[in-house]
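So that the names make sense, note that chain A is the first sequence line, chain B the second, and so on, each numbered from 1.
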Protein chains: 2
Amino acid sequence: MTKARKALLEVLKTSEEPVSASHLIKHPSIRFDQATVYRNLHYLEEQGMADSFILHCTEHGTERYYSYRNREDASHHHWFHCQICHRFIDLGDCRYDEQLSRWEQAYGFTVCDHTFFLTGLCKACKSSTASAN
Amino acid sequence: MTKARKALLEVLKTSEEPVSASHLIKHPSIRFDQATVYRNLHYLEEQGMADSFILHCTEHGTERYYSYRNREDASHHHWFHCQICHRFIDLGDCRYDEQLSRWEQAYGFTVCDHTFFLTGLCKACKSSTASAN
DNA sequence: AATAATTTGCGAATGACTTGCAAATATGAG
DNA sequence: CTCATATTTGCAAGTCATTCGCAAATTATT
């Protein structure tokens, strides 16, 4: 495992929320070229050590966000994204396995991946925006 | 309602699956500049006449896909996308309302939008790929 | 029909992500 | 530990979807 990969994995592992490539590129412990960052994020995801999804946010535009994934347990999380403060809230482990296999049986397809996330206003931003009445 | 908007809405209305901006731009009945297409897709979505989500596919890259939405009934659909033939399969009306309000209560946030879709191999592509054994 | 407001087309810009290639680093056989 | 091979890195230049500025054209108002 190269230095770049170790460094990226470390940031993902210790991050509370999904992080974008641009965020990683600016991160002090990631002193690698953007191409290296992108290439290794792909690598980590291929190896089952990271998860990602694409989200559009008014402030940061359309970007892919990555989070650490333990190769052992197959679990991944889903997230809520606040449109004001742009923070993520962890909704916990994915609970869609059953629903997915029901769909697989109903339609005959095989699901390789799924994307699910919420966007809206978090509790804090809702109250600070309430002044707009 | 301008000609461009009418034309776009007509294509969305008659399309069986979500369509991307690039697809619309190439569509014979859409003889408008790409900027006009993009601007009006935003407009239609703002007005509640269209729905969209961003999906990355190996053949077409990362693009936003639009589908017609009836302003009256709030329903929208979710989709499965085949990674081989790149067609969409309609999974029917969204059934996440309850789950979303449970989350809203648990976390105190307000959900404005959500994204959900599946990717994988459709029935037909699975069998034609079976030769890879 | 005349005027004001909105929309269009064009061309150039933006920003995320990718690629080619030579230099640098990791791997691993001896 | 060392040389040879395979892989990865940095750099600079692309791609590609999407956006923007602005003048001309269209639509809505009066």
CZ of R64(A) versus C1' of dG15(C): gap in Å, rounded?
16 Å
Considering only side-chain heavy atoms of D33(B), which listed nucleotide, dT19(D), dG9(C), dC17(C), is closest?
dG9(C)
Can a donor-acceptor pair be found between the side chains of H114(B) and H76(B) at a distance below 3.5 Å?
yes
In terms of side-chain heavy atoms of T2(A), which of dC17(C), dT8(D), dT19(D) is nearest?
dT8(D)
Would you jot down, in residue-number order, the residues of residues 38-58 of chain B having a non-hydrogen atom under 4.0 Å from DNA chain D?
Y38(B), R39(B), H42(B)
Evaluate the ring planes of F116(B) and H78(B), with Trp represented by its six-membered ring, and classify them as parallel (under 30°), tilted (30 to 60°) or perpendicular (over 60°).
perpendicular
To the nearest angstrom, the CD-P distance between E63(A) and dA17(D) comes to 18 Å
Side-chain atoms of F32(B) come closest, of dC11(D), dC17(C), dT8(C), to dT8(C)
Specify the separation, in whole Å, of atom NZ of K3(A) and atom C1' of dG10(D).
14 Å
Between Q34(B) (CD) and dC20(D) (C1'), how many Å, whole number?
12 Å
Could you state the atom-to-atom distance from CD1 of I25(B) to P of dC16(D) in whole Å?
14 Å
Using 30° and 60° as the class boundaries, would you call the ring planes of H81(B) and F88(B) parallel, tilted or perpendicular?
tilted
Per the side-chain contact (heavy atoms from CB on, under 4.5 Å) rule, which among V11(B), T14(B), L8(B) passes with S29(B)?
V11(B)
Going by atom type alone, with no hydrogens or angles, which donor-acceptor pairs under 3.5 Å involve a side-chain atom of residues 94-101 of chain B and a protein atom two or more places apart or on another chain?
unit_1  : atom_1 : unit_2 : atom_2 : d
S101(B) : OG     : D97(B) : O      : 3.1
S101(B) : OG     : E98(B) : O      : 3.1

Heavy atoms under 4.0 Å, any strand shown: does S22(A) hit a base, just sugar-phosphate, or nothing?
nothing
Distance, rounded to the nearest Å, where L8(A) contributes CG and dT8(D) contributes P:
13 Å
The residue, H60(B) or M1(B), whose nearest nucleotide of DNA chain D is more 5′ is H60(B)
N or O in side chain of T36(A) less than 4.0 angstrom from dG10(D) OP1/OP2:
yes
Enumerate the residue pairs fulfilling side chain to side chain donor-acceptor pair (under 3.5 Å) with a member in residues 43-60 of chain A, sequence neighbours excluded, ordered by first and then second residue.
E45(A)-S52(A), D51(A)-R69(A), S52(A)-R64(A), H56(A)-T62(A), E59(A)-H86(A)
Using heavy-atom distances to pick each residue's nearest nucleotide on DNA chain D, tell me which of A35(B) and G61(B) is more 5'.
G61(B)
In whole angstroms, the gap separating P of dC16(D) from NZ of K26(B) amounts to 11 Å
Is it the case that the ring center of F80(A) lies less than 6.0 angstrom away from the ring center of F117(A)?
no
Look at all strands and tell whether S20(B) reaches a base, only sugar-phosphate, or nothing, counting heavy atoms closer than 4.0 Å.
nothing
